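These notes concern the structure reproduced below.
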Amino acid sequence: MPISAERDERDDDHYDFAATQAKWAPIWEELKPFATSDPADTRPRKYVLDMFPYPSGDLHMGHAEVYALGDVVARYWRQQGFNVLHPIGWDSFGLPAENAAIKRGIDPRGWTYDNIAQQKKSMKLYATSFDWDRELHTSDPEYYKWTQWLFLQLHKKGLAYRKDSWVNWDPTDQTVLANEQVLPDGTSERSGAVVVKKKLTQWYFKITDYADRLLDDLNQLEGSWPAKVLNMQRNWIGRSIGADVDFVIEGRSERVTVFTTRPDTLYGTTFMVVAPDSDLAGELADGSTPEVQDAFREYLVQVQRSTEMERQATDREKTGIFLGRYAINPVNGERLPIWTADYVLADYGTGAVMAVPAHDQRDLDFARKFNLPVTVVIDTNAAVTGVIPVITQEMIDGTEELPALDPLSTGLALTGEGRLINSGTLNGLSKNNAIKRIIELLSVAGTGRAAKNYRLRDWLISRQRYWGTPIPIIHGADGAEIPVPEDQLPVRLPSTEGLDLKPKGTSPLGGATDWVNVPNPIDGTPARRDPDTMDTFVDSSWYFLRFLNPNDDTQAFDPREAEKWAPVDQYVGGVEHAILHLLYARFITKFLFDEGYVTFTEPFTALLNQGMVILDGAKMSKSRGNLVYFTEEVERHGVDAVRLTMAFAGPPEDDIDWHDVSPVGSAKFLARAWRMARDVTSAPEIDWKSGDAGLRRVTHRFLADAPALVESFKFNVVVARLMELVNATRKVIDTGAGAADAAVREAAEVTTVALNLFAPYTAEEMWSLLGYEPCVALVQWRKADASLLVAESVTAVVQVDGKVRDKLEVSPKVGNDDLEKLARESAAIVRSIGDREIIKVIVRAPKLVSFVTRAI
RNA sequence: GCCUCUGUAGCUCAGUGGAAGAGCAAUUCCGUCCUAAGGAAAUGGCCGGGGGUUCGAAUCCCUCCAGGGGCACCA
């Protein structure tokens, strides 16, 4: 809230944040304190990266948080003597621009770059310490040229390929989606529409080739990445270890392979199930009776009509039909009826499973519904009798174990540990030994082998939209996929002039006749460009490398610069990217490592995830009408107060409820700090050693503790400690040694340098009040004086039988023997021991003496 | 259902074996022409519950309860 001018004149206690912002912004603009391009700079390097924004509208409170926190880290390392690369750019391709363009009949380019101009203005006001000379836009041809280059490298290695498959189709945005972009409830994370399945030919990146490395390398990040993100990535990749088993199918020459994590239960297989939407199901049905063919077709239609959400409901009644065909169990020759049911997924494993109803809940549910046999092959108790045994009172009390019950009658599959039964040579083995043994037996027989499977699927990267990186492939008349020669990159987006951007299921680029029709680069015959564009996550999968030399038009990035700066030392961003973006960037980094372009295999050495800014316990949204606006908050409280509030609100990874925090409180504190600096009357040259010893101790304890606190992201604790320091200094000014004391100046300077992390404008103003030239951002942190960290005396506690009975003021250097002697001499202790016998004495000088006694 | 994180003052959080802490808010007092920006003081706690280990537990172990997050018909 602007303060009236008359008040300004009368009250010199008023800190005018607006004037301070206006004063320093242009000075910083000129001094460029955060430029990193000086080749003569010999300081050690750090690469601190904040996730770059998508430019929609102006900055919001989420941006305010991430950029405030990332800036604390960047400013901190700079003050520790590092040359800090802290760049910013724009993730500027994507659907919102295109949708806005369609709605208003304008060019997505204009919309995007106008937004960027607005956000850039806000970002500069927000005083984030970016090196603006390295700014980039993923939608510039100078950038996407290299995204296309990356595609071609992947294509060369067979890691970018086209396949025909069932894909996620967003009927609102009229485009395909990656699995990662479909929410667990089956809706699109972008449009909110219910995603449907469609069979289409699309481009994929073969990320599954890297599944093991993407999973195993997470171990290197343990401790440096949030446990939550590591957990999410592990779940997402979802490696299962087991075996492939080959089954002969009657009336079919090829065998069918199934994947199982429980090959030990192979003898318990009583039927086989194949996914209805798999090729195998169709083929097996075709080879069956006409009745089966009809039933199958009807069932398939019914399955495909159901949405992902319906299909994923776990408590749903099982459905399926018998295909009239049989498989042969390779270990005992039993005939297994083959069914099709939608609880088996076409795109996991081989789309077929061996059903072991006794030991798998899903198979048991199915078997019970369709009256299929159940064979128990693991004795999860002393005996499986097949009848429900008597439950004793001891079993109910839990003092005696419940017996294993017959799955067919209880409806509960036996998933516990036990000994193998009804399993030929496996009988008597434990589960783990049986798994080992059966894999050996199958391998020898050539009917099976150890195998792994992943939840992770290949990354679908083509999109039927305009505003993205064109896929640099030309399709020959003969169907050949011809990569655009690298010297012809970039394949520029054609102008939107005359193009219909409206979603219609095929790419608008297909309508750009002049652009699409090109001669075949090999023989000059008529050919067509691929009309699809890439998922914007491809753009952002490598942007951290482009920042190293964003204007180089000869290569994507300079490996020598990568050697110097990369990988990113500290990455900062929202947990909403815990899977998608981070997984893709890790994949691309590993690929570039394999190709020899980089020397590291993980792009982000450390990761800080900030939480969300919420209001009254709920996510902010327009529809809820609970928006807090960035510009309003900054105008009302000032940039520094907003930034400080973000840091002070709590641990960065927790959500910030704007209702619970107080930018007003932050502003008060900043004013208090400013007054402290203003009140200092000593000259900069004053000898600090002459200052008040008590205040100096507080100052140096702060200096000693703060670095570890910042490095472990406990920014809120650092701010609380700064508040203590300012309070202590105020006390000395008002009621102690006074404003001229050297310790006051020392405390004020230390506060100012530290405050630069959170409140750069106020810190710069304070630095100026203290008699220095800008920029405080480049001032180095002082080291704590160790001699001031030791207290003159400490309180030792004397306990008798665990209870505190006396306290002694002793020197911190007191020895164990001396301390024990002092304790034994204490009248209070003598009294409380009385006539009891001391049987043990524990001494931990200088903190504690503990007597353990017993009655004589 | 499986995996995972977290429960300490009204709020946000420190404290990882040795006397329960900080900041903010609230309270009272002093100051002020006014003020949502001044100063001071005192208050505030079965450290989620129970059990165990220990001379001693917020801290280590077991168990239960509550909350957050992720995965989930993935064979």
Side-chain angles (χ1 to χ4, degrees), chain A residues 1 3-4 7 10-11 13-15 17 184 226-236 238-240 242 258-262 265 273 275 311-316 318 341-345 347-356 359-363 365-366 415 453-457 575 578-579 611 636 641 648-651 653-657 659-662 664-672 674-675 705 709 714 716-717 719-724 727 730-731 734-735 795-804 806-807 839-844 847-853:
Chain A
M1 192 65 66
I3 306 295
S4 69
R7 193 178 161 266
R10 260 180 291 145
D11 186 357
D13 264 0
H14 168 65
Y15 168 58
F17 67 78
K228 184 173 153 182
V229 175
L230 295 174
N231 180 32
M232 283 166 75
Q233 293 234 343
R234 288 187 179 115
N235 278 338
W236 190 262
R239 180 164 62 197
S240 300
V258 304
F259 173 74
T260 177
T261 56
R262 295 295 304 277
T265 61
V273 188
R311 193 173 162 163
Q312 281 181 359
T314 46
D315 51 355
R316 197 168 55 110
K318 292 274 183 292
D342 66 356
Y343 79 91
V344 173
L345 307 175
D347 61 351
Y348 183 79
T350 57
V353 302
M354 54 178 240
V356 187
H359 304 290
D360 182 283
Q361 191 60 48
R362 298 155 300 183
D363 296 341
D365 293 345
F366 193 81
T415 53
N453 248 297
Y454 307 90
R455 213 193 74 96
L456 180 72
R457 308 294 148 87
V575 74
I579 296 172
R636 184 175 301 147
F648 186 46
E653 55 277 10
D654 290 2
D655 288 347
I656 298 176
D657 195 323
H659 190 90
D660 290 342
V661 297
S662 168
V664 172
S666 301
K668 274 194 207 174
F669 167 68
L670 290 173
R672 204 151 72 233
W674 172 82
R675 276 194 302 276
D705 296 346
L709 290 169
K714 295 176 175 176
N716 57 322
V717 182
V719 175
R721 295 288 302 273
L722 268 175
M723 288 172 170
E724 275 183 74
N727 289 348
R730 185 82 252 161
K731 204 164 220 165
D734 291 349
T735 60
T795 308
V797 172
V798 186
Q799 299 178 340
V800 177
D801 295 326
K803 291 197 169 56
V804 178
D806 197 13
K807 297 162 192 175
I839 56 169
K840 197 170 174 186
V841 184
I842 299 112
V843 188
R844 297 277 182 278
K847 305 192 76 170
L848 169 116
V849 181
S850 181
F851 294 101
V852 186
T853 69

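Computed from heavy atoms alone, side chains included, the values below leave out hydrogens, waters and symmetry copies. These numbers were taken from a predicted model, which means no experiment stands behind them. Throughout, a chain's letter reflects where its sequence line sits, starting with A, and its residues are numbered from 1.
- The side chain of A/Ile842 approaches B/G18 more closely than any other nucleotide in the set B/C3, B/G18, B/A22.
- B/C5 atom C1' lies 10 Å from atom CD of A/Glu653, rounded to whole Å.
- Nucleotides B/C3 and B/G45 are separated by 38 Å at their P atoms, to the nearest Å.
- In this structure, A/Phe259 and A/Tyr348 have perpendicular ring planes: the angle between them is above 60°, well past the 30° mark.
- When distances are taken from the side chain of A/Val344 to each of B/A25, B/G23, B/A75, the shortest belongs to B/A75.
- When heavy atoms are screened at a 4.0 angstrom cut-off, A/Arg234 is found touching no nucleic acid atom at all.
- Ranking B/A75, B/C13, B/G23 by closeness to the A/Asn727 side chain, first place goes to B/G23.
- Summarising the geometry, the separation between NZ on A/Lys840 and P on B/G56 is reported as 9 Å, rounded to the nearest angstrom.
- Defined by atom type and a distance below 3.5 Å, a donor-acceptor pair is present between the side-chain atoms of A/Thr853 and A/Asp801.
- The residue among A/Leu848 and A/Gly349 whose nearest nucleotide of RNA chain B is located toward the 5' end is A/Leu848.
- Closest contact between the side chain of A/Arg455 and the listed nucleotides B/A72, B/C13, B/A22 involves B/A72.
- The base of B/C73 sits with one of its N or O atoms less than 3.5 Å from a complementary donor or acceptor on the side chain of A/Lys318.
- Within 4.0 Å (heavy atoms only), A/Thr853 reaches no atom of the nucleic acid at all.
- One P atom belongs to B/C2, the other to B/C73, and the distance between them is 15 Å to the nearest Å.
- A/Tyr343 has no side-chain polar atom (N or O) that falls below the 4.0 Å cut-off from OP1 or OP2 of B/A75.
- Of the P atoms belonging to B/C60 and B/C24, the separation is 30 Å, rounded to the nearest Å.
- Nearest nucleotide to the side chain of A/Lys668, out of B/G18, B/A36, B/G38: B/G38.
- On a pure distance criterion of 3.5 Å, no polar donor-acceptor pair joins the side chain of A/Thr261 and the base of B/A75.
- If you take CG on A/Leu670 and CZ on A/Arg675, they are separated by 10.5 Å, rounding to the nearest 0.5 Å.
- Contact of A/Gln799 with B/G18 (side chain to base): a donor-acceptor pair of N or O atoms is detected under 3.5 Å.
- Put simply, CZ on A/Phe648 is 7 Å from C1' on B/U12, counting in whole angstrom units.
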Starting from the C-alpha separation in whole Å, work towards a yes-or-no answer on salt bridge (charged side-chain N to carboxylate O under 4.0 Å, His left out) for A/Arg721 and A/Asp705.
CA-CA 9 Å; A/Arg721 295 288 302 273; A/Asp705 296 346; 2.9 Å; yes
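- Put simply, A/Lys714 has a side-chain N or O that comes within less than 4.0 Å of OP1 or OP2 on B/G15.
- Comparing B/A75, B/G70, B/G38 against the side chain of A/Thr260 picks out B/A75 as the nearest.
- If you check every strand for non-hydrogen atoms under 4.0 Å, A/Lys807 touches a base.
- The gap from the P atom of B/G21 to that of B/A42 amounts to 15 Å, rounded to the nearest Å.
- Side-chain proximity of A/Asn231 to B/A19, B/A75, B/G69: nearest is B/G69.
- Taking the P atoms as reference points, B/G49 lies 11 Å from B/A9, given to the whole Å.
- For A/Asn235, counting side-chain heavy atoms from C-beta on, the closest listed nucleotide (B/A75, B/A37, B/C3) is B/C3.
- To the nearest 0.5 angstrom, A/Thr735 atom OG1 is 10.0 Å from A/Arg730 atom CZ.
- Atom name P, nucleotides B/C55 and B/U16: the rounded distance is 23 Å, in whole Å.
- Here, B/G17 and B/U28 have their P atoms 42 Å apart, quoted to the whole Å.
- Within 4.0 Å of A/Pro651, counting heavy atoms only, lie sugar-phosphate atoms of the nucleic acid but no base atom.
- A/Asn716 places its CG atom 8 Å from the C1' atom of B/A14, with the value rounded to the nearest Å.
- B/C2 is paired with B/G70 under the criterion used here, namely a Watson-Crick or G-U wobble arrangement in which both key atom distances are under 3.5 Å.
- Taking side-chain N and O atoms only, A/Ser240 has a distance below 4.0 Å to OP1 or OP2 of B/A75.
- To the nearest angstrom, C1' of B/A22 lies 11 Å from CE of A/Met723.
- One C1' atom belongs to B/G68, the other to B/U35, and the distance between them is 41 Å to the nearest Å.
- For the pair A/Met232 CE and B/C3 C1', the interatomic distance rounds to 12 Å; values are reported in whole Å.
- Nucleotide B/G31 has no partner under the Watson-Crick or G-U criteria, as no pair reaches both atom distances under 3.5 Å.
- The pair A/Asp347-A/Arg457 meets the salt-bridge criterion, with a side-chain N (NZ, NE, NH1 or NH2) lying under 4.0 Å from an Asp/Glu carboxylate O.
- A/Gly665 comes within contact range of no nucleotide atom at all, as no heavy-atom separation falls under 4.0 Å.
- One can place CZ of A/Phe17 at 13 Å from C1' of B/A36, the figure rounded to the nearest angstrom.
- Among the heavy atoms of the strands lying under 4.0 Å from A/Ser850 is at least one base atom, whether or not backbone atoms are also near.
- With rounding to the nearest 0.5 Å, the separation of OG1 in A/Thr415 from NE2 in A/His359 is 10.0 Å.
- If you check every strand for non-hydrogen atoms under 4.0 Å, A/Ala667 touches nothing.
- A donor-acceptor contact shorter than 3.5 Å links the side chain of A/Asp363 to the backbone of A/Val356.
- Straight-line distance from the CG atom of A/Asp654 to the P atom of B/U12: 9 Å, rounded to whole Å.
- Close to B/A19, at under 4.0 Å from its OP1 or OP2, lies no side-chain N or O of A/Arg844.
- Both distances falling under 3.5 Å, in either a Watson-Crick or a G-U wobble arrangement, place B/C24 opposite B/G10.
- If you check B/A19 for Watson-Crick or wobble pairing at under 3.5 angstrom, you find it has no partner at all.
- Using N1 to N3 plus N6-O4 or O6-N4 for Watson-Crick, or N1-O2 and O6-N3 for G-U wobble, each under 3.5 Å, B/U43 pairs with nothing.
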Applying side chain to side chain contact (heavy atoms under 4.5 Å, CB included) to A/Val273 and A/Tyr343, what does each step give before you reach the verdict?
CA-CA 9 Å; A/Val273 188; A/Tyr343 79 91; 3.5 Å; yes
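- When Watson-Crick and G-U wobble pairs are counted only if both distances are under 3.5 Å, B/A57 pairs with no nucleotide at all.
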